[in-house]
Amino acid sequence: MSSSESDDSAPLSALVSGLPLLKASVGSGSDSDNEPLSIRSKRESANAGANRPDSDSESDQPLSGRARAPPKKAAANGKAPVPVAPKRAKRAIAPAEPKRPRKIASAAAATAPPKRPVVKAEPKTSRHKTPSANSFVDRKPLIKAESSVAATSFDGSEGSDSEDFKWWLESKDNTGPKWKTLEHFGVMFPPEYEPHGLPLLYRGKEIKMHPHVEEVATFFAALLGSDNAENKVFQENFFKDFKDLLDKHMAKHPVKAFSQCDFTVIRAHLDEQKATRKAMTKAEKEAAKKEKLDIEEKYGFCMLDGRREKVGNFRIEPPGLFRGRGAHPKTGMLKTRVLPEQVTINIGSDAAIPDPPSGHSWGKVIHDNTVTWLAMWKENINSSTKYVFLAAGSSLKGQSDMRKFDKARNLVRCIDDIRAQYTKDFKSDVMAERQRATALYLIDRYALRAGNEKGEDEADTVGCCSLRCEHVSLEPPNVVHFDFLGKDSIRYERTTEVDILVWRNLRLFQKEPKVKSDMLFDRLTPTSLNSFLHTLMPGLTAKVFRTFNASFVFQRQLLNTPKVGTEAEKILAYNRANREVAVLCNHQRAVSKSFQGAMTKIEDKLLAVRYQRQQLKDHLMSIAPTLKKLRPDIAQKEPGVTAKWIKTYLLSTCELDREKARKKFERDNEKLKEANEPVIPESTLNEQLDEINAREASIGDGTYEAELPVAKNATTDKILEKIDKLTERISNIEVSKIERDENKTTALSTSKINYIDPRISVAWCKKNGVPLEKIFNRALREKFTWAMEVDSEWTF
DNA sequence: GTTTGCACTTAGTACTTATCTT
DNA sequence: AAGATAAGTACTAAGTGCAAAC
């Protein structure tokens with residue numbers, strides 16, 4: 001069980017051994033490391049050597065009774081016939097009305113004084129000034145007046161842009177209103193559906209559809225060939241909604257079965273449209289681009305406390321088929337069109353209320369400055385709320401982002417105590433405490449999510465608190481195998497060694513009479529866990545551990561950056577550190593369709609270079625066999641470069657060379673023609689082709705003598721030099737191959753955007769003289785403006 | 001204490017644009 | 001200059017966590 005045994009399994013080995021704290025080659029595991037690590041490694045070794053009397057049998061006694069307590073929620077997957085109250089089912093069925101008036105903009109302030117000071121004006125739903133009538137906007141120059149869309153916009157000439165405003169220099173707590181004044185242009189609606197009039201084929205017969213029906217058929221046609229369209233549940237849900245529409249709008253239609261529906265006519269039309277769009281002229285493309293920019297100029301910005309700030313998702317989500325992830329029971333259902341009447345606008349009480357689309361009115365207009373959203377509507381699938389927020393680079397988002405990282409950074413100081421606490425609680429006599437401690441260990445070490453309870457009408461995914469016995473299998477003496485679907489139905493699979501007490505606890509929590517579909521931590525909920533965490537550090541919740549560990553691991557991994565090295569090498573080290581974090585957080589992505597092809601290409605390239613090196617080695621051995629003593633590598637055979645491979649390779653070069661010769665011939669002649677000069681006769685090309693053909697024949701019968709990649713009379717030194725060059729190329733290709741393979745399923749962006757404190761990266765850039773643009777794209781630089789001023793010595 | 005609603009963060013994917021190869 | 005590939009963006013689903021309502 002020595003931790004060293006996992007070192008052979010590549011850079012990510014530390015995870016296998018169970019440590020989010022990866023083994024940095026710099027000061028790995030030594031107490032010279034940062035404070036928190038040293039404590040942790042001490043605990044690590046203490047636990048490893050712990051020779052604690054096996055008291056499980058004793059502690060089982062008082063606990064087993066509690067363990068028998070029925071799980072809060074039985075398996076949602078229907079595997080277990082445990083009687084379960086359909087907890088939230090009614091939520092989905094229940095109509096939206098009557099809604100409890102939990103928050104009425106004006107009344108709330110009067111009746112129950114909220115904790116945060118709320119500045120609210122009375123609703124002014126009726127007051128409809130047009131934005132252009134607004135004095136504020138009036139004073140602005142009409143920019144882009146020629147535009148069809150935006151006659152006015154917040155162009156930044158008044159007030160200041162958010163980027164000039166260094167909010168992070170002012171200390172600001174999280175209490176109080178989120179803004180004082182707020183002006184914006186509302187939301188943008190998707191275009192109305194334009195019927196194409198093309199039929200559905202039912203049992204081969206054309207059926208022209210009502211536009212409302214046709215629209216939905218077209219949604220499905222667009223997905224033909226995708227995984228969604230192949231998914232049974234998706235098909236069923238789609239078809240039910242589709243059929244309802246058919247029944248509603250088209251009397252006596254023959255459509256009965258999905259299997260008889262053929263959407264290919266519509267699909268062909270969609271493909272055609274796509275091709276047309278692709279084939280647009282440059283001017284047309286420019287015009288479309290400009291139109292898009294104009295829209296963004298108008299809706300894409302708002303004025304918040306007099307500053308111009310970017311709005312995030314100002315477009316109302318268009319109708320379509322709900323693409324729930326994983327085994328979502330509602331996937332494929334029709335997501336209906338959102339009308340202005342369903343949209344609530346949140347705006348400053350003194351601001352002009354944006355015009356709803358003509359002939360429509362807003363559902364509600366409120367003036368709630370305790371929230372950050374500009375508009376809101378309810379979506380019909382899960383009746384969840386959709387919001388229009390400011391963009392990631394805005395001051396509001398930036399402030400909460402900074403608070404998030406500061407909180408995680410706070411944990412650096414508390415983590416030793418917290419770990420000591422939960423380690424102690426592994427042995428608690430109180431079942432709930434033992435479960436809590438064990439769960440916290442998993443959250444801390446493996447960056448698991450809290451794991452809130454989920455409904456019957458959602459995909460069956462879990463986090464730490466909602467783990468079921470079936471998700472964890474144990475192997476003596478202390479090996480744990482996790483296998484479950486987490487957020488977005490991404491599989492979490494990991495085999496690891498844990499603290500022996502954790503292992504015994506997990507065994508205890510799984511004990512009969514529990515069955516595999518029972519909750520592992522039946523005495524624990526995210527709420528109870530979080531309220532316990534609050535007692536350890538203000539504001540501490542389960543998710544903070546993810547942020548903390550991600551940033552902490554990242555900073556530690558960056559110690560591997562070579563002190564002397566090229567920029568590329570440093571960036572490589574940076575990306576490796578990033579990847580460690582991504583693996584820790586289980587940030588995955590689908591393997592791209594082109595991956596295998598690209599991989600094969602790299603392998604071919606690698607073999608081709610190896611072949612060259614083999615040729616040189618062979619040559620050296622023949623002209624200077626004694627070199628073998630000095631350079632034993634010369635005698636080594638290149639792996640993969642077999643006689644069979646060589647033959648195939650050489651033959652493939654013939655084909656390529658023929659193609660090259662033809663192309664060159666054509667190109668040259670075209671040029672000559674243009675210059676009115678005599679063209680090269682076809683016979684010249686034929687001579688070249690004949691040569692290649694002859695080569696091909698000699699390869700075929702084995703008489704071919706391959707050309708050396710060096711001059712015939714090259715000295716041994718020259719050849720050795722060339723070999724070394726090839727060796728470097730080979731190792732470069734191999735590294736890129738490994739990188740590519742490791743990145744195949746790992747997404748680095750999520751951790752970079754959400755988990756890694758940007759100040760670590762900024763400090764690293766300053767320290768290593770790497771320009772920030774090399775690691776943060778424009779969006780990230782905008783998002784993290786608040787982090788830019790730290791110096792090179794800043795630490796998380 | 002439990003349930004529900006709400007607000008906000010986190011997440012992967014589909015599409016678009018920029019850059020590299022050939 | 002086109003096609004391939006990588007990088008970046010837009011989109012929206014799916015989480016967390018707080019607090020009001022019951």
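Atom set for the values below is all heavy atoms of this structure, side chains included, hydrogens, waters and symmetry mates excluded. Protein chains get the first letters and strands the later ones, always in sequence-line order, with residue 1 at the start of each. All values reported here derive from a predicted model rather than from experimental measurement.
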Closest to the [X] side chain: [options]?
{"X": "Val371(A)", "options": "dC8(B), dT12(C), dA13(C)", "value": "dC8(B)"}
{"X": "His587(A)", "options": "dA11(B), dT9(C), dC8(B)", "value": "dA11(B)"}
{"X": "Met376(A)", "options": "dA7(B), dC11(C), dT12(C)", "value": "dA7(B)"}
{"X": "Phe322(A)", "options": "dT9(B), dC6(B), dA13(C)", "value": "dA13(C)"}

[X] [atom1] - [N] [atom2] separation (whole Å):
{"X": "Asp368(A)", "N": "dA20(C)", "atom1": "CG", "atom2": "P", "result": "13 Å"}
{"X": "Phe389(A)", "N": "dC6(B)", "atom1": "CZ", "atom2": "C1'", "result": "10 Å"}
{"X": "Lys178(A)", "N": "dC6(B)", "atom1": "NZ", "atom2": "P", "result": "16 Å"}
{"X": "Asn754(A)", "N": "dC8(B)", "atom1": "CG", "atom2": "C1'", "result": "12 Å"}
{"X": "Leu390(A)", "N": "dC8(B)", "atom1": "CG", "atom2": "P", "result": "10 Å"}
{"X": "His328(A)", "N": "dT12(C)", "atom1": "NE2", "atom2": "C1'", "result": "12 Å"}
{"X": "Trp377(A)", "N": "dC6(B)", "atom1": "CH2", "atom2": "P", "result": "16 Å"}
{"X": "Lys386(A)", "N": "dT10(B)", "atom1": "NZ", "atom2": "C1'", "result": "14 Å"}

For this output row, return yes or no: ring centroids of Phe322(A) and Phe238(A) closer than 6.0 angstrom.
no
Given DNA chain B, 5'-ward residue of the pair Ile490(A) and Ser400(A), judged by closest heavy atom:
Ser400(A)
Base, sugar-phosphate, or nothing for [X], non-hydrogen atoms under 4.0 angstrom?
{"X": "Ser384(A)", "value": "nothing"}
{"X": "Arg589(A)", "value": "sugar-phosphate"}
{"X": "Lys335(A)", "value": "sugar-phosphate"}

Could you list all N or O pairs between the protein and nucleotides 14-20 of chain B that sit under 3.5 Å apart?
none

OP1, OP2 of [N] versus side-chain N and O of [X]: anything below 4.0 Å?
{"X": "Thr385(A)", "N": "dG5(B)", "result": "no"}
{"X": "Arg546(A)", "N": "dA11(B)", "result": "yes"}
{"X": "Lys404(A)", "N": "dT10(B)", "result": "yes"}
{"X": "Ser749(A)", "N": "dG8(C)", "result": "no"}
{"X": "Tyr755(A)", "N": "dT9(B)", "result": "no"}

Can Lys290(A) and Glu286(A) be counted as an ion pair, charged N to O under 4.0 angstrom?
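Looking at Lys290(A) and Glu286(A), the cut-off is not met.
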Do Val343(A) and Ile345(A) have side-chain heavy atoms sitting under 4.5 Å apart?
yes
Pairs under 3.5 Å (N/O, protein and nucleotides 15-18 of chain C):
{"from": "dG15(C)", "atom 1": "OP1", "to": "Thr461(A)", "atom 2": "OG1", "distance (Å)": "2.9"}
{"from": "dG15(C)", "atom 1": "OP1", "to": "Asp488(A)", "atom 2": "N", "distance (Å)": "3.0"}
{"from": "dG15(C)", "atom 1": "OP2", "to": "Lys454(A)", "atom 2": "NZ", "distance (Å)": "2.3"}
{"from": "dT16(C)", "atom 1": "OP1", "to": "Ala450(A)", "atom 2": "N", "distance (Å)": "3.3"}
{"from": "dT16(C)", "atom 1": "OP1", "to": "Gly451(A)", "atom 2": "N", "distance (Å)": "2.6"}
{"from": "dT16(C)", "atom 1": "OP2", "to": "Asn452(A)", "atom 2": "N", "distance (Å)": "3.0"}
{"from": "dT16(C)", "atom 1": "OP2", "to": "Asn452(A)", "atom 2": "ND2", "distance (Å)": "3.0"}
{"from": "dG17(C)", "atom 1": "OP1", "to": "Thr541(A)", "atom 2": "OG1", "distance (Å)": "2.8"}
{"from": "dG17(C)", "atom 1": "OP1", "to": "Ala542(A)", "atom 2": "N", "distance (Å)": "3.2"}
{"from": "dG17(C)", "atom 1": "OP1", "to": "Lys543(A)", "atom 2": "N", "distance (Å)": "2.7"}
{"from": "dG17(C)", "atom 1": "OP2", "to": "Asn530(A)", "atom 2": "ND2", "distance (Å)": "3.1"}
{"from": "dC18(C)", "atom 1": "OP1", "to": "His534(A)", "atom 2": "NE2", "distance (Å)": "3.3"}

Can a donor-acceptor pair be found between the side chains of Asn586(A) and Glu493(A) at a distance below 3.5 Å?
no
In terms of side-chain heavy atoms, does Gln588(A) have a donor or acceptor partner in Thr745(A) at a distance below 3.5 Å?
no
Between Ser489(A) and Gly326(A), what is the shortest heavy-atom contact and its length?
OG-CA, 3.4 Å
What one should report as the nearest heavy-atom pair of Val187(A) and Tyr299(A) is O-CE2, 3.4 Å
Taking only N/O atoms, report every protein-nucleotides 4-7 of chain C pair under 3.5 Å with atom names and distance.
{"from": "dT5(C)", "atom 1": "OP1", "to": "Lys601(A)", "atom 2": "NZ", "distance (Å)": "3.2"}
{"from": "dA6(C)", "atom 1": "OP1", "to": "Arg740(A)", "atom 2": "NH1", "distance (Å)": "3.2"}
{"from": "dA6(C)", "atom 1": "OP1", "to": "Arg740(A)", "atom 2": "NH2", "distance (Å)": "2.2"}

Answer yes or no: does atom NZ of Lys404(A) have more than 12 heavy-atom neighbours from other residues, nucleotides or ligands under 6.0 Å?
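Above 12, so yes.
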Of Glu773(A) and Ile316(A), the one whose closest nucleotide on DNA chain C sits nearer the 5' end is Glu773(A)
Which residues pass the ring-ring contact (aromatic ring centres under 6.0 Å, His included) test with Phe545(A), sequence neighbours left out?
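Counting only residues at least two positions away or on another chain, Phe545(A) forms no ring-ring contact (aromatic ring centres under 6.0 Å, His included).
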Identify each donor-acceptor pair in which a side-chain atom of residues 526-533 of chain A lies under 3.5 Å from a protein atom, sequence neighbours left out, and give them as a table.
{"from": "Ser528(A)", "atom 1": "OG", "to": "Thr525(A)", "atom 2": "N", "distance (Å)": "3.2"}
{"from": "Ser528(A)", "atom 1": "OG", "to": "Thr525(A)", "atom 2": "O", "distance (Å)": "3.0"}
{"from": "Ser528(A)", "atom 1": "OG", "to": "Thr525(A)", "atom 2": "OG1", "distance (Å)": "3.3"}
{"from": "Asn530(A)", "atom 1": "OD1", "to": "Ala542(A)", "atom 2": "N", "distance (Å)": "2.9"}
{"from": "Asn530(A)", "atom 1": "ND2", "to": "Pro526(A)", "atom 2": "O", "distance (Å)": "3.4"}
{"from": "Ser531(A)", "atom 1": "OG", "to": "Thr527(A)", "atom 2": "O", "distance (Å)": "3.3"}
{"from": "Ser531(A)", "atom 1": "OG", "to": "Ser528(A)", "atom 2": "O", "distance (Å)": "3.1"}

Aromatic ring pairing Phe484(A)/Tyr492(A), orientation class (parallel under 30°, perpendicular over 60°, tilted between):
parallel
Is there a donor-acceptor pair closer than 3.5 Å between any side-chain N or O of Asn346(A) and the backbone N or O of Trp373(A)?
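Yes, Asn346(A) side chain to Trp373(A) backbone: donor-acceptor pair under 3.5 Å.
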Under the side-chain hydrogen bond (donor to acceptor under 3.5 Å, both in side chains) rule, collect the residues that match up with Asn777(A), sequence neighbours excluded.
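Once residues adjacent in sequence are excluded, Asn777(A) has no partner under the side-chain hydrogen bond (donor to acceptor under 3.5 Å, both in side chains) criterion.
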